[in-house]
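Because only heavy atoms are used, hydrogens play no part in the values below, and waters and symmetry mates are left out as well, while side chains stay in. Owing to the predicted nature of the structure, the values given are computational and were not obtained by experimental measurement. Numbers restart at 1 for each chain; the letters A, B, ... are given by sequence-line order, proteins then strands.
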2 protein chains.
Amino acid sequence: MNYRNTKQRQAILDAIEGHGGHLTAEEIYQVVKLGQPRLSLGTVYRNLRVLAEQGSVRELDFGMAITYFETIKDAHYHLVCRVCGGISDMETDLEQKLMALVEHTSGIDGFQVEQHRLDFVGVCRSCQSKPVEAGGQARALKAR
Amino acid sequence: MNYRNTKQRQAILDAIEGHGGHLTAEEIYQVVKLGQPRLSLGTVYRNLRVLAEQGSVRELDFGMAITYFETIKDAHYHLVCRVCGGISDMETDLEQKLMALVEHTSGIDGFQVEQHRLDFVGVCRSCQSKPVEAGGQARALKAR
DNA sequence: TTCCCTGCAAACACTTTGCAGGATC
DNA sequence: GATCCTGCAAAGTGTTTGCAGGGAA
C-alpha cells in the first residue's frame, strides 16, 4: 500500500493532535468538517484505519461501545470516569514499574507481549462532588 | 428491581461458568440454545446485563468490536493474541504488585479508582510457530 | 395476582463498503 | 497516467427495545 498525503488525512491527524486526544470518529468528523464541509464520515473511518496502520494514531476502547482515537506520543494510561465519561491521561513513572511486569509476563506460556494497556475506571474529582447519582450510574458511558 | 430466577438466566450463567469464561453473547446464545431451542438472542443480552448488574458476570472489551463475558472469580488479567484472537487468563502474583500501583494512582487528581484492567496484547505461543502471516496481521481480531 | 421475564421482530448506533468521479504522485 | 482517495448512500454488525403473552414469587 502506497499511502498518499491528502488534505483530509492530514486534517484528521491535525484534529486529533490539536485536541490532545480522546476523540471519537464522530467528533473528529465534526471538527474537520468545519474546514471541509463536504467531508464524509466514511472518509474519517477509512483514514483512521490507515493512520492506525501507519502507527500515527491509536485506537482506544473502554468498553463503551464507542472507539476513541488519540495520537501516539509517549506511553500513558487512562483514568476513565464512569459517571461523566471523561477520559484523562495519567503520565507518571508507572511506565517503568509496568515494564517489569511486562517482562515478567513475557515469560508466561511463551506469550510474546507486544503491547499492553492499563486503564483505571472510577469517579473523577468533579463527579465526586456532584449530587448522589440516583441509581443512574454509568449511564453516561453505557447509554445506547 | 426484584430479580427472578428463570431457566434462561440460570442456563446463561451456567454456560459462562461451564466454559471457563471469555464467551461472546452469540456464543452463549448458541450454547444455551442447545438446551432451549426457543431462546432468543435478545434474552441473552438482557440477562447478561442483569447478571452484570448483580455482579455475577463481568463484561470484557478488548477493542475488538465484540464484548466478551466471563464470570467474576478472582481478579486476573488477560493475554490477548492479536493473531488468533485467543484470550487466556494470567493468574499470578501480579495482583499484589498492581495493588501498589492502584493505590498510588488513587491519589492523583482526586480520582477515585473503583476498578482497573490490565491487558497484554501480543502473540501466543502457538501462533508464533505458525507460518509468517503475510501482511494480514490482526485480522482475526479486527475483521469486520 | 403481580410484575418480571420471554420470544419475536423491528429498530438502533457505530462502522464498513461499492461505486464512480477526483486528487495525488 | 496509474493508483489511491473521496463523497455519497446503502449495507453490515453487534446490541437494544416495544409488544403481547407466559411464568416465577
Side-chain angles (χ1 to χ4, degrees), chain A residues 1-13 15 22-30 32-54 56-69 85 135-136 138-144, chain B residues 1-13 15 22-30 32-54 56-69 85 135-136 138-144:
Chain A
M1 212 49 163
N2 219 334
Y3 296 120
R4 286 176 186 175
N5 187 21
T6 65
K7 291 195 282 283
Q8 290 88 339
R9 186 163 301 159
Q10 188 57 52
I12 287 169
L13 187 54
H22 311 142
L23 283 163
T24 65
E26 179 67 32
E27 288 166 345
I28 293 166
Y29 173 61
Q30 295 300 340
V32 178
K33 203 174 182 181
L34 296 178
Q36 303 185 33
R38 308 208 47 191
L39 179 73
S40 102
L41 191 51
T43 296
V44 172
Y45 277 108
R46 269 184 290 226
N47 277 301
L48 286 172
R49 176 157 287 191
V50 168
L51 289 169
E53 276 172 18
Q54 290 181 162
S56 307
V57 148
R58 177 164 41 204
E59 293 183 45
L60 296 176
D61 196 313
F62 300 105
M64 300 188 297
I66 287 189
T67 303
Y68 287 79
F69 295 87
R139 275 327 175 232
L141 299 184
K142 282 302 218 177
R144 292 180 176 175
Chain B
M1 211 53 162
N2 220 333
Y3 296 120
R4 286 178 185 172
N5 187 20
T6 64
K7 290 196 282 282
Q8 289 88 340
R9 186 162 301 159
Q10 189 57 52
I12 287 169
L13 188 54
H22 312 142
L23 282 163
T24 64
E26 179 67 33
E27 288 167 346
I28 293 166
Y29 172 61
Q30 294 301 340
V32 177
K33 202 173 182 180
L34 296 178
Q36 303 185 34
R38 306 209 47 191
L39 179 72
S40 102
L41 191 50
T43 297
V44 173
Y45 278 107
R46 268 184 291 229
N47 277 303
L48 286 173
R49 176 157 287 191
V50 168
L51 290 169
E53 275 171 20
Q54 289 180 165
S56 306
V57 147
R58 176 164 41 205
E59 293 183 45
L60 296 177
D61 195 312
F62 299 106
M64 300 189 297
I66 287 188
T67 304
Y68 287 78
F69 295 87
R139 277 323 175 235
L141 298 184
K142 282 303 217 174
R144 290 179 176 174

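- Distance CZ (Phe69(A)) to C1' (dC14(C)): 11 Å, rounded to an integer number of Å.
- Only Arg38(B), Leu39(B), Ser40(B), Thr43(B), listed by number, bring a heavy atom of residues 33-43 of chain B to less than 4.0 angstrom from any atom of DNA chain C.
- In this structure, the CD atom of Gln54(B) is 14 Å from the P atom of dC4(C), given to the nearest Å.
- A straight line from OH of Tyr29(B) to P of dT15(D) spans 14 Å, rounded to a whole angstrom.
- Here the CZ atom belonging to Phe69(B) is positioned 4.5 Å from the CD atom belonging to Glu59(B), to the nearest 0.5 angstrom.
- For the pair Arg49(A) CZ and dT17(C) C1', the interatomic distance rounds to 11 Å; values are reported in whole Å.
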Test side-chain contact (heavy atoms from CB on, under 4.5 Å) applied to Tyr3(B) and Gln54(B), step by step: CA-CA 9 Å; Tyr3(B) 296 120; Gln54(B) 289 180 165; 3.3 Å; yes
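- Residues forming a side chain to side chain donor-acceptor pair (under 3.5 Å) with Ser56(B) (at least two apart in sequence, or on another chain): none.
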Enumerate all atom pairs, one protein N or O and one N or O from nucleotides 22-25 of chain C, separated by less than 3.5 Å.
from    : atom 1 : to      : atom 2 : distance (Å)
dT24(C) : O2     : Arg4(A) : NH1    : 2.8
dC25(C) : OP1    : Asn5(A) : N      : 3.3

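- Tyr45(A) has its OH atom 19 Å from the C1' atom of dC5(D), to the nearest Å.
- Distance check: Tyr45(A) OH to Ser40(A) OG gives 11.0 Å after rounding to the nearest 0.5 Å.
- Between the CD atom of Glu53(A) and the C1' atom of dT16(C) there is a distance of 14 Å, rounded to whole Å.
- We find that CD of Glu27(B) is positioned 16 Å from C1' of dT15(D), with the value rounded to whole Å.
- Not counting sequence neighbours, the partners of Tyr29(A) by the side chain to side chain donor-acceptor pair (under 3.5 Å) test are Lys33(A).
- Where the helix from dT1(C)-dA25(D) to dC25(C)-dG1(D) starts and where it ends, the local axes point in directions that differ by 40°; five pairs per end, rounded to 10°.
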Produce the list of close N/O pairs, under 3.5 Å, pairing protein atoms with atoms of nucleotides 19-21 of chain C; give distances to one decimal.
none

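- OP1 or OP2 of dG7(C) has at least one side-chain nitrogen or oxygen of Gln8(B) nearer than 4.0 Å.
- Heavy atoms only, all atoms of each residue included: Ala25(B) and Leu48(B) are closest at CB-CD1, 3.9 Å.
- Rounded to whole Å, the distance from CD on Glu59(B) to C1' on dT15(D) is 11 Å.
- To the nearest 0.5 Å, atom CG of residue Leu51(B) and atom CZ of residue Arg46(B) are 13.5 Å apart.
- Take Glu26(A) and apply the side chain to side chain donor-acceptor pair (under 3.5 Å) test, not counting sequence neighbours, and it matches Gln30(A).
- For Arg9(B), the side chain to side chain donor-acceptor pair (under 3.5 Å) test picks out Asn47(B), with sequence neighbours left out.
- Checked against side chain to side chain contact (heavy atoms under 4.5 Å, CB included), Ala11(B) has the following partners two or more places apart in sequence or in another chain: Val32(B), Gln36(B).
- Nearest heavy atoms, Ile12(B) versus Val44(B): CD1-CA, 3.8 Å.
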